[in-house]
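First comes the structure, then the notes that go with it.
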Amino acid sequence: MDTTVKALDTNGPATAATLVATDLQPFLHDAVVTLYAPSFVISRPDGQLGGGADGFYHGDSRALSHLTVTAGSIALAPVVGGLRGADRADFRAILRGLGEVTPDPAVALNRRRTVASGRLEESFEVTNAGTQRVGFRLTVTAGTDLAPMERVKTGHAPDPVPAREEGGAGPGGSGLAWSRDGFAVRLVSEPAPDALEAPEGRLSFDVELAPGASWTATLRCTAAHADGDQFPAAPADAVPWRTPALRSADRRFDQWLDQSVADADRLRLADPRSAEGTGGVDQFLAAGAPWFLTLFGRDSLWAARMLLPLGTELAAGTLRTLARRQGAVADPDTEEQPGKILHEVRRSTQNFNEAFAVPPVYYGTVDATPLWITLLHDSWRWGLAPEQVEQLLPHTESALAWIRDQAAEADDGFLRYVDRTGRGLANQGWKDSGDAIRHRDGRLADPPIALCEVQAYAYEAARSGAALLRAFGRPGADVWEEWAEGLATRFRKRFWVEDARGAYPAVALDRDGRPVDSVTSGFGHLLGTGLLNQEESAALAARLTGPDLDSGHGLRTLSSDSVGFNPYGYHIGSIWPHDTAIAVHGLVRAGFPDAAASLAAGLLTASAGFAGRLPELFAGHGAEAGPRPAPYPASCRPQAWAAASSVLVLRSALGLDADVPGGTVTVAPAFAGAYAPLTVTGLQVGGARLDIALAADGTVNTTAPEGLTVVSA
């Protein structure tokens, strides 16, 4: 049947007037994802790979789409399975009826999975705990479509590619192989199978087990692009941060932080250009698995900013990686402009359908540029070496110029976006799905659009840029401070609207300068940036803790009172952990710790519902609908800024801030008492270790680096 699919954005779901099952974006909510960027595996809870988005992936290509195990006519009964770390998983099953003389199971299968860059290892161990000798044929079936990621995401995967038998030296000898368009995959087994069938992709083993005996086979799959990895895995022994250890009165917090940092570790990628004259490897975090395991400007910047309490090395690598690709020319096809920071990088053009395609290097984002400036400023405050900061100041000046020029293009002086290609992202802020920016009555906003949070980012970037220019003796600081104050004045006049509950800023201004008056979680991004005065901040703090936004599991992206609210809507009712964490931090910065504590508690409750691995987003039903949040079925998990949110919430709870150039570190617990006694070791400021202990009675003990004064305000 003919089906027209209109994909709204590369970060959001596909929609269509008519869909069939094969055209739907695959669900992931019950998947087990093992990760070692740029590779990962998606499987069912029982460990089987087969259907939907399941598979072994490397570099935005699917190396295996099927990897299943059967035992002839004997039923495999899954018992338990799941992660054993970010890059490992185990799955146990019983071979029902085999060797059983009592109701107790006798023969079990343990499937162990380990992922590395370009490599998947699956070990199958069968044990016979019964009293009888058993024999059966175990068959592993492998297959692939070698699909590019965007084809998997839209549900339009190509036909399977037949396997071919391929000989080779070493363990396993002959194996199965697939290749197309420079992407090659090989699967071998140790020991060699008793039967190898290509093109069906079957490896069969005749297993004979005496009582108490066991048998093991290990399959190894390798995948590689002929031209190498666009962004290779970062060196395993060069983690660009200290790994913290949290022990609190709430073990959920400890688990959340531990899992998050482990996931962030496996999301690390390296910039191959960083070896040019630097002698080192610049690292950044890929946005998330499965859909966005590559460089995303906004996502990588926010994740690095959230992780600053662990060190500045990741931030420096992220800044330099993006600076190397900073816009230099005006290109309407990619939306590149001088000084602009990019949106995403892929191996090739992503062709979702006739109406939607994204070039390999795409600049369709309005907020990455100001966020880049602010990350550089914050990294300087946390102790990034002055010479590293100074090297990036020309890029800062170019980014500031882009902000100025874009705002000057608009009659009202606000930073706006519009998709001029006709095939790119309709919305270019972080809520970039096509239906995200809407009026309170449900009407979609017409572009060019000026988002409220983008004006806050621009204000903070201008102030941050001014501070950097002044500190390093470069001209222009006064001009940028004046520009920021002018923006704040314009914002106060144009964005604020009112309803029965009082005044609040519209989510955006539309093409005609009219306020887009929906109530959204965007309020949280304004707090603590300096754009608002105390009275305005208090109004937003009250709004954020209202039941229409605060779900009890985090902030809804759109008020539940709004027309078009959908708890499963990508940006119109769902909950994004990073969004809530930004609000928590903003509330603490603005002086509203009690409101921050409420939102943080909800996010912590949600984290337990996802075993500490918070997804990109989840459904916005809220705590009243049940103690566990419902998943958003197509969400990335793990995802960089969702993982990094745990560190930002911890920082907010501790009231932690740094001013290394000024010689101080601030520890002023905001709501950490809720988790006391609390000890966190292995934080980092100024390149040295920072440990903090909070006793149950509120006493704070801080071990700070030499030369820094601890301030408790």
Side-chain angles (χ1 to χ4, degrees), residues 7 10 14 21-28 31-44 47-68 87 89 113-122 140-164 175-187 198-201 219-233 266 269 286-294 346-352 358 360 634 636-638:
T10 56
T22 56
D23 299 324
L24 297 173
Q25 182 174 341
F27 282 175
L28 305 168
V32 177
V33 180
T34 44
L35 170 77
Y36 198 123
S39 301
F40 62 92
V41 175
I42 301 174
S43 78
R44 299 298 88 211
Q48 304 279 45
L49 283 66
D54 287 3
F56 167 43
Y57 294 80
H58 179 71
D60 262 357
S61 298
R62 182 153 61 181
L64 291 177
S65 55
H66 286 76
L67 191 65
T68 59
D87 56 1
R113 173 174 302 144
T114 304
V115 183
S117 177
R119 182 182 178 92
L120 165 65
E121 184 171 291
E122 296 264 340
V140 177
T141 303
T144 185
D145 51 17
L146 301 179
M149 179 57 70
E150 74 270 17
R151 293 288 299 275
V152 178
K153 190 172 190 288
T154 58
H156 284 277
D159 293 333
V161 176
R164 66 178 186 275
L176 298 173
W178 302 261
S179 61
R180 184 170 60 197
D181 299 332
F183 184 51
V185 180
R186 187 163 189 263
L187 179 70
E200 294 84 356
L219 273 64
R220 295 179 178 88
C221 183
T222 56
H225 289 276
D227 56 355
D229 294 331
Q230 184 180 32
F231 294 111
R266 288 298 178 249
L269 290 174
W291 313 126
F292 316 123
L293 205 66
T294 184
R346 300 282 187 169
R347 295 189 66 88
S348 59
T349 296
Q350 297 179 90
N351 290 298
F352 292 92
V358 177
C636 284
R637 184 168 175 256

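The structure displayed is predicted, hence computed values, not measured ones.
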Exercise. Do any N or O atoms from the side chain of T34 and from the backbone of A89 form a donor-acceptor pair under 3.5 angstrom?
Worked result: no
For this session: Locate the shortest heavy-atom distance separating A163 from A198; write the atom from each residue and the value.
Result: O-CB, 3.6 Å
Problem set entry | Validation row: L49, R44 side chains within 4.5 angstrom (heavy atoms) | no
Exercise. Counting only N and O atoms by type, is there a donor-acceptor contact under 3.5 Å from the side chain of W178 to the main-chain atoms of L64?
Worked result: no
Exercise. Can you check whether P160 reaches T144 side chain to side chain, under 4.5 Å on heavy atoms?
Worked result: no
Exercise. Under a 4.5 Å cut-off applied to non-hydrogen side-chain atoms, are P38 and H225 in contact?
Worked result: no
Exercise. Would you say R347 and F231 make side-chain contact, with heavy atoms under 4.5 Å?
Worked result: no
For this session: Let me see the working for V140 and T68 under side chain to side chain contact (heavy atoms under 4.5 Å, CB included), right down to the final yes or no.
Result: CA-CA 6 Å; V140 177; T68 59; over 6 Å; no
For this session: Specify the closest pair of heavy atoms between A634 and P26, including all atoms of both residues, with the distance to one decimal.
Result: CB-O, 3.7 Å
Exercise. Got V152 and R62 here, is their nearest side-chain heavy-atom distance under 4.5 Å?
Worked result: yes
Exercise. Out of curiosity, D229 CG to D60 CG, how far, rounded to the nearest 0.5 Å?
Worked result: 11.0 Å
Problem set entry | Worked verdict on L120 versus R113 for side chain to side chain contact (heavy atoms under 4.5 Å, CB included) | CA-CA 7 Å; L120 165 65; R113 173 174 302 144; 3.8 Å; yes
For this session: Check whether any side-chain heavy atom of V33 sits under 4.5 Å from a side-chain heavy atom of P290, and report yes or no.
Result: no
For this session: Kindly indicate whether the side chain of R186, heavy atoms from C-beta on, has any atom under 4.5 Å from the side chain of S179.
Result: no
Problem set entry | Rounded distance [0.5 Å steps], CG in L187 versus CD in E122 | 9.5 Å
Problem set entry | ring-ring contact (aromatic ring centres under 6.0 Å, His included) partners for H66, two or more places apart | none
For this session: Begin from the C-alpha positions of R119 and T114 and carry the test side-chain hydrogen bond (donor to acceptor under 3.5 Å, both in side chains) through to its verdict.
Result: CA-CA 8 Å; R119 182 182 178 92; T114 304; over 6 Å; no
For this session: Identify the heavy atoms of L176 and G201 that sit nearest to each other, and give their distance.
Result: CD1-CA, 3.6 Å
Problem set entry | Sub-4.5 Å side-chain heavy-atom contact between F56 and S39 | yes
For this session: Please check if the side chain of D145 supplies one atom and the backbone of A147 the other of a donor-acceptor pair under 3.5 Å.
Result: yes
For this session: Please lay out, stage by stage, how T141 and E200 fare under the test side chain to side chain contact (heavy atoms under 4.5 Å, CB included).
Result: CA-CA 8 Å; T141 303; E200 294 84 356; over 6 Å; no
Problem set entry | Steps toward side chain to side chain contact (heavy atoms under 4.5 Å, CB included) verdict (V185, C221) | CA-CA 7 Å; V185 180; C221 183; 3.5 Å; yes
Exercise. Between A223 and A63, which heavy-atom pair has the shortest distance, and what is it?
Worked result: CB-CB, 3.7 Å
Exercise. Counting N and O atoms only, with roles assigned by atom type, does the side chain of Q230 sit under 3.5 Å from a partner on the main chain of R346, one being a donor and the other an acceptor?
Worked result: yes
Exercise. Which atoms form the tightest heavy-atom contact between L146 and R180, and what is the distance?
Worked result: O-NH2, 3.5 Å
Problem set entry | Non-hydrogen atoms of E150 and N351 that approach each other most closely | OE2-N, 3.8 Å
For this session: Could you tell me which residues satisfy ring-ring contact (aromatic ring centres under 6.0 Å, His included) with F40, sequence neighbours excluded, listed by chain and number?
Result: Y57
Exercise. Between R266 and D87, is there a salt bridge with N-O shorter than 4.0 Å?
Worked result: yes
Problem set entry | Separation between CG of D54 and CG of L67, rounded to the nearest 0.5 Å | 10.5 Å
Exercise. So, does R151 use its side chain to make a donor-acceptor pair with the main chain of H156 at under 3.5 Å?
Worked result: yes
Exercise. Which value, rounded to the nearest 0.5 Å, describes the distance between I42 atom CD1 and S65 atom OG?
Worked result: 12.0 Å
